[in-house]
Engineer: 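Dropping the structure in here first, questions after.
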Protein chains: 2
Amino acid sequence: MLSAAFLDRLQSLLPPDQVFTDPVDCYAYSYDNSRRISSPEAVAFATDAAQVQAIVRLCHDHGVPVTARGRGTGTAGGSIPDRGGLVLSLERMTRIVSADPANRAIVVEPGVLNQEVQDAVRGDGLFWPPDPSSAAYCSVGGNLATCAGGPHAVKYGTARDHVLGLKAVTGTGELIKTGCYTTKGVVGYDLTRLLIGSEGTLAVIVEATLKLTPLPAGTAGIVAWYRDAAGCAGAISAIMGQPLIPSALEFLDAGALGLLRTHYADMVPAGAEALLMIEVDGTPSDIEQAGAAILDACRKAGLLEAKAVAESRALWAARKALSPLLRDIAPRKINEDIVVPVTRIPELLAGLAEITGRHAIANVNFGHAGNGNIHVNLLANPDQEGEMERAAKCLDEVFDLVIRLNGTLSGEHGIGAEKRAFVAKEIDPVTLDLMRRIKGVFDPKRILNPGKLFPEG
Amino acid sequence: MLSAAFLDRLQSLLPPDQVFTDPVDCYAYSYDNSRRISSPEAVAFATDAAQVQAIVRLCHDHGVPVTARGRGTGTAGGSIPDRGGLVLSLERMTRIVSADPANRAIVVEPGVLNQEVQDAVRGDGLFWPPDPSSAAYCSVGGNLATCAGGPHAVKYGTARDHVLGLKAVTGTGELIKTGCYTTKGVVGYDLTRLLIGSEGTLAVIVEATLKLTPLPAGTAGIVAWYRDAAGCAGAISAIMGQPLIPSALEFLDAGALGLLRTHYADMVPAGAEALLMIEVDGTPSDIEQAGAAILDACRKAGLLEAKAVAESRALWAARKALSPLLRDIAPRKINEDIVVPVTRIPELLAGLAEITGRHAIANVNFGHAGNGNIHVNLLANPDQEGEMERAAKCLDEVFDLVIRLNGTLSGEHGIGAEKRAFVAKEIDPVTLDLMRRIKGVFDPKRILNPGKLFPEG
């Protein structure tokens with residue numbers, strides 16, 4: 001419980017409309033897209049860096065847990081105040097500090113939405129490449145805390161590749177400045193990327209200098225349907241083995257197509273067990289050349305049909321239709337985003353079929369195949385006796401498989417609270433201990449987002 | 001001085017041909033391309049990670065400074081054992097552990113040369129983008145220690161953009177493993193990029209998983225001569241302001257052209273005071289389109305002549321001819337690699353002219369204009385009374401100018417020993433203190449490359 005002294009001091013630091021203490025108000029800050037729930041005892045809304053410093057310093061003085069939060073769209077529980085305490089919402093820090101298209105840079109506060117960045121620079125022929133599916137309503141701060149990516153990461157990389165510098169407040173309330181304003185710079189340690197993906201456990205980002213990229217002149221799509229996963233996986237390797245990298249290479253498996261068939265009878269061709277949705281971008285001649293090379297690479301044993309689609313909406317129709325169906329089918333969807341090297345996708349898919357079959361857990365897989373980043377969904381119903389336990393065992397074996405295939409537990413969602421139990425499968429004790437000690441340098445009282453990223457204990 | 005106990009133990013750890021203690025043998029490990037000299041008391045050659053661990057552990061136990069060294073091609077003195085002690089040479093760790101073109105990855109030991117990586121993967125249509133001018137004889141370990149870049153960074157980025165994971169030995173001799181093998185991954189803190197550019201002050205890299213890029217189908221060049229620096233700077237901004245990014249955009253100023261004129265009368269057109277050397281790469285149609293767009297952007301006031309050059313040798317002729325001339329002209333060339341935002345290049349060049357003029361110091365500038373990364377050369381003769389002092393004042397003012405223009409002190413050479421005195425101009429005390437404490441986590445006895453990267457004191 002927060003002490004009266006703490007709350008008094010917090011209320012003296014901020015105007016009344018920047019502090020919530022009523023449990024009803026706080027409730028909206030107790031959940032995110034992970035379906036975990038844990039209420040903070042107070043929510044503070046900072047409107048500038050100095051307020052963030054004052055709030056964190058206060059939490060440091062009182063040993064109060066403080067969980068920074070953007071728009072709460074994460075799927076790993078990274079923004080849930082598991083240990084109660086204070087949620088520090090950055091959603092009111094929404095200034096675009098400066099837009100500098102000539103130097104391909106924009107400086108923003110953390111509450112600026114991903115979409116607002118895109119809107120601010122599109123007219124100058126630029127974009128910011130990180131493209132999580134929540135781009136329209138997630139914040140830059142959250143994108144950086146999780147090192148967000150999305151379908152276009154296969155060509156453009158993820159958040160860590162598109163940031164020049166940061167300002168951030170450490171767990172003692174100190175303001176640090178990382179990186180620089182230019183596209184090259186090697187002065188001091190790369191704290192910029194140390195903070196990106198650290199899930200608010202090291203510092204609270206209060207300003208980011210984002211590196212912008214020229215918008216491609218155009219895009220085009222290819223849809224390829226396969227009779228089986230093996231043929232499709234062969235095509236993924238062939239596409240990624242030729243030099244003209246697609247701007248997106250997305251995959252739906254038999255489970256996903258089965259789900260679509262139950263609702264959209266005409267969407268999926270008879271006999272199709274796997275789908276690739278491929279986007280190419282660039283000038284008309286880039287598109288023509290990459291399109292031809294990729295269409296050629298698609299022509300593997302098991303191909304049912306591959307065709308160019310002119311419209312972006314047609315390209316993504318199956319993927320868009322899938323998401324709500326997944327929500328409906330299982331009250332408790334275990335949604336992972338494991339990654340394996342592209343050539344190991346066939347082994348991954350075969351292994352997933354074996355493991356989920358043995359545990360009798362329904363399984364739907366889809367995702368960013370060009371990065372080997374597959375969203376593995378285990379569909380488990382808590383009302384079915386023993387199903388959640390079987391799903392948990394299944395998940396454990398899936399992670400073991402991923403590690404065996406030289407993969408990683410998470411490509412873009414992060415560890416948050418959801419995957420803490422599995423981190424030690426991937427990171428050895430010596431390296432984990434070093435990470436914990438780095439955490440201690442930034443946040444000696446371990447008040448910043450406690451209970452996240454690291455394994456228990 | 002190293003104790004007999006330390007040397008005995010070192011010699012017991014390694015075969016005789018892996019330890020040098022004779023000062024004559026050690027001398028070759030006392031210098032690099034910075035012209036600084038400081039001899040180690042011993043040199044150890046590790047041939048695997050376990051030996052690196054044993055050596056560092058021994059140094060830790062005895063509190064002996066240990067400076068990791070690749071091929072000693074750095075220009076900032078980063079590999080010089082300023083405090084004596086042991087040089088740990090990685091030049092015999094030259095195994096290519098695995099080459100995996102299908103997943104665009106190669107795993108190498110730190111002593112593998114940059115060129116050897118290129119040679120190993122060229123047949124598969126791949127390359128590793130970092131391209132320091134010493135690529136033919138510098139090692140991957142050194143490239144990572146400095147976050148090396150080169151002319152192609154304008155399109156492809158620097159070392160930190162092209163590494164998937166590392167194995168490294170901390171200052172206590174512990175082996176850590178960072179990153180992953182896949183192109184996406186967000187599990188734990190990004191220690192990979194924390195180590196890249198840390199100049200051997202945090203850990204000794206013993207293995208690197210490098211991310212490879214498809215080789216462009218071809219390249220072509222454009223050479224553009226300008227009547228004045230202002231016109232040339234305008235063209236740089238125009239080129240970087242259009243969407244088709246050149247694969248290199250290099251600049252020579254009036255001082256550089258003057259130097260060329262004295263030796264190669266026909267090389268420089270009459271009246272030319274600035275030169276751009278521009279490379280475009282990709283498919284023939286990419287080259288055609290980018291070439292046309294860039295040629296158009298070159299046509300600014302002050303343009304004397306712009307023309308396509310078919311041969312790579314012709315494109316780089318002026319740049320290649322310049323380097324030895326710079327060495328000859330001044331016994332003590334102060335060679336910096338500052339960076340400013342591209343649009344601030346005109347102010348930088350005007351400021352450099354003013355500062356060097358006022359201090360009567362000859363000045364030659366050239367470099368990677370597309371990144372705003374300019375090699376500023378102050379030519380000072382120690383035999384001329386007062387000249388070194390004037391050059392030092394001049395340099396200090398140049399750094400102040402760079403910071404005022406929102407730039408950074410070093411784009412690719414690093415801080416090493418050479419620029420320590422200036423770091424505090426760029427990094428504030430709070431952030432520097434945090435970096436020092438991170439150093440302490442990796443290397444509590446501060447034995448790894450002491451006297452580097454951080455300001456004195």
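Atoms considered below: every heavy atom in the structure, side chains included; atoms not considered: hydrogens, waters and symmetry mates. Sequence lines set the chain letters: A, B, ... in the order given, protein chains first and strands last, and positions in each chain run from 1.
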Engineer: So which residue, B:Pro341, B:Gly188, B:Ser237, B:Gly149, ends up with the most heavy-atom pairs under 4.5 Å with chain A?
Structural biologist: B:Pro341
Engineer: Most heavy-atom pairs under 4.5 angstrom with chain B, which of A:Thr431, A:Ile245, A:Asp286?
Structural biologist: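 Counting heavy-atom pairs under 4.5 Å, the top option is A:Thr431.
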Engineer: Between A:Asp337 and A:His375, is any side-chain donor less than 3.5 angstrom from a side-chain acceptor?
Structural biologist: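 No, no side-chain donor-acceptor pair sits under 3.5 Å.
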Engineer: Do you know the tightest heavy-atom contact between B:Tyr181 and B:Leu164?
Structural biologist: O-CD1, 3.4 Å
Engineer: Any idea how A:Phe422 and A:Phe399 line up, ring-wise: parallel (<30°), tilted (30 to 60°), or perpendicular (>60°)?
Structural biologist: tilted
Engineer: Hey, what do you get for NZ (B:Lys184) to NE2 (A:His368), rounding to the nearest 0.5 Å?
Structural biologist: 4.0 Å
Engineer: Taking A:Leu453, A:Val430, A:Thr343 one by one, which has the highest count of heavy-atom pairs under 4.5 Å against chain B?
Structural biologist: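 Ranked by heavy-atom pairs under 4.5 Å with chain B, first place is A:Thr343.
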Engineer: Using a cut-off of under 4.5 Å for heavy-atom pairs, which of B:Thr158, B:Leu191, B:Asp124 has the most such pairs with chain A?
Structural biologist: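 Heavy-atom pair counts peak at B:Leu191.
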Engineer: At a heavy-atom separation under 4.5 Å, does A:Phe454 approach chain B through its side chain, its backbone, both, or neither?
Structural biologist: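 Answer is side chain: those atoms of A:Phe454 sit under 4.5 Å from chain B.
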Engineer: Does A:Tyr156 have its ring centroid less than 6.0 Å away from the ring centroid of A:Phe127?
Structural biologist: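 For A:Tyr156 and A:Phe127, the ring centres are under 6.0 Å apart.
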Engineer: Heavy-atom distance under 4.5 Å to chain B: side chain of A:Glu199, backbone, both or neither?
Structural biologist: neither
Engineer: Report the option among A:Ile427, A:Asn371, A:Thr408 that has the most heavy-atom pairs separated by less than 4.5 Å from atoms of chain B.
Structural biologist: A:Asn371
Engineer: Say you draw a straight line from OG1 of A:Thr283 to CD of B:Gln289; how long is it, rounded to the nearest 0.5 Å?
Structural biologist: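 If we round to the nearest 0.5 Å, A:Thr283:OG1 and B:Gln289:CD are 3.5 Å apart.
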Engineer: Under 4.5 Å, counting heavy-atom pairs only, tell me which of B:Arg344, B:Arg160, B:Met240, B:Glu426 racks up the most with chain A.
Structural biologist: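 Ranked by heavy-atom pairs under 4.5 Å with chain A, first place is B:Arg160.
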Engineer: I'd like to verify something: which residue of B:Glu288, B:Arg104, B:Glu174 has the highest number of heavy-atom pairs under 4.5 Å with chain A?
Structural biologist: B:Arg104
Engineer: Measure the spacing between CG of B:Leu432 and NZ of A:Lys177 and express it to the nearest 0.5 Å.
Structural biologist: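 Answer for the CG-NZ pair, B:Leu432 versus A:Lys177, is 11.5 Å.
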Engineer: I'd like to verify something: which residue of B:Ile338, B:Leu244, B:Leu202 has the highest number of heavy-atom pairs under 4.5 Å with chain A?
Structural biologist: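 Winner by heavy-atom pair count: B:Leu202.
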Engineer: Evaluate the side-chain proximity of A:Arg436 to A:Pro455: yes if any heavy-atom separation is below 4.5 Å, no if none is.
Structural biologist: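 Yes; the side chains approach each other to less than 4.5 Å.
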Engineer: Given heavy-atom pairs under 4.5 angstrom as the criterion, report whether the side chain, backbone, both or neither of A:Lys419 touches chain B.
Structural biologist: neither
Engineer: Kindly compute the distance separating CZ (A:Arg122) from CG (A:Leu212), expressed to the nearest 0.5 Å.
Structural biologist: 12.5 Å
Engineer: What distance do A:Leu166 atom CG and A:Arg193 atom CZ have between them, rounded to the nearest 0.5 Å?
Structural biologist: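 Taking CG in A:Leu166 and CZ in A:Arg193, the distance rounds to 8.5 Å.
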Engineer: Based on non-hydrogen pairs under 4.5 Å, which of A:Val342, A:Asn406, A:Thr183 is most in contact with chain B?
Structural biologist: A:Asn406
Engineer: Where does A:Cys147 contact chain B at under 4.5 Å (heavy atoms): side chain, backbone, both or neither?
Structural biologist: both
Engineer: Heavy atoms only, distances under 4.5 angstrom: which of A:Thr170, A:Asp433, A:Thr201 has the most pairs with chain B? Name it, please.
Structural biologist: A:Thr201
Engineer: Most heavy-atom pairs under 4.5 angstrom with chain B, which of A:Ala102, A:Gly185, A:Gly157, A:Gly125?
Structural biologist: A:Gly185
Engineer: Heavy-atom distance under 4.5 Å to chain B: side chain of A:Val340, backbone, both or neither?
Structural biologist: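 The backbone, not the side chain.
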Engineer: Atom CD1 of B:Ile415 and atom OG1 of B:Thr146: how far apart are they, to the nearest 0.5 Å?
Structural biologist: 12.0 Å
Engineer: Look at B:Ile196, B:Leu434, B:Ile438, B:Leu195 and state which one has the largest set of heavy-atom pairs under 4.5 Å with chain A.
Structural biologist: B:Leu434
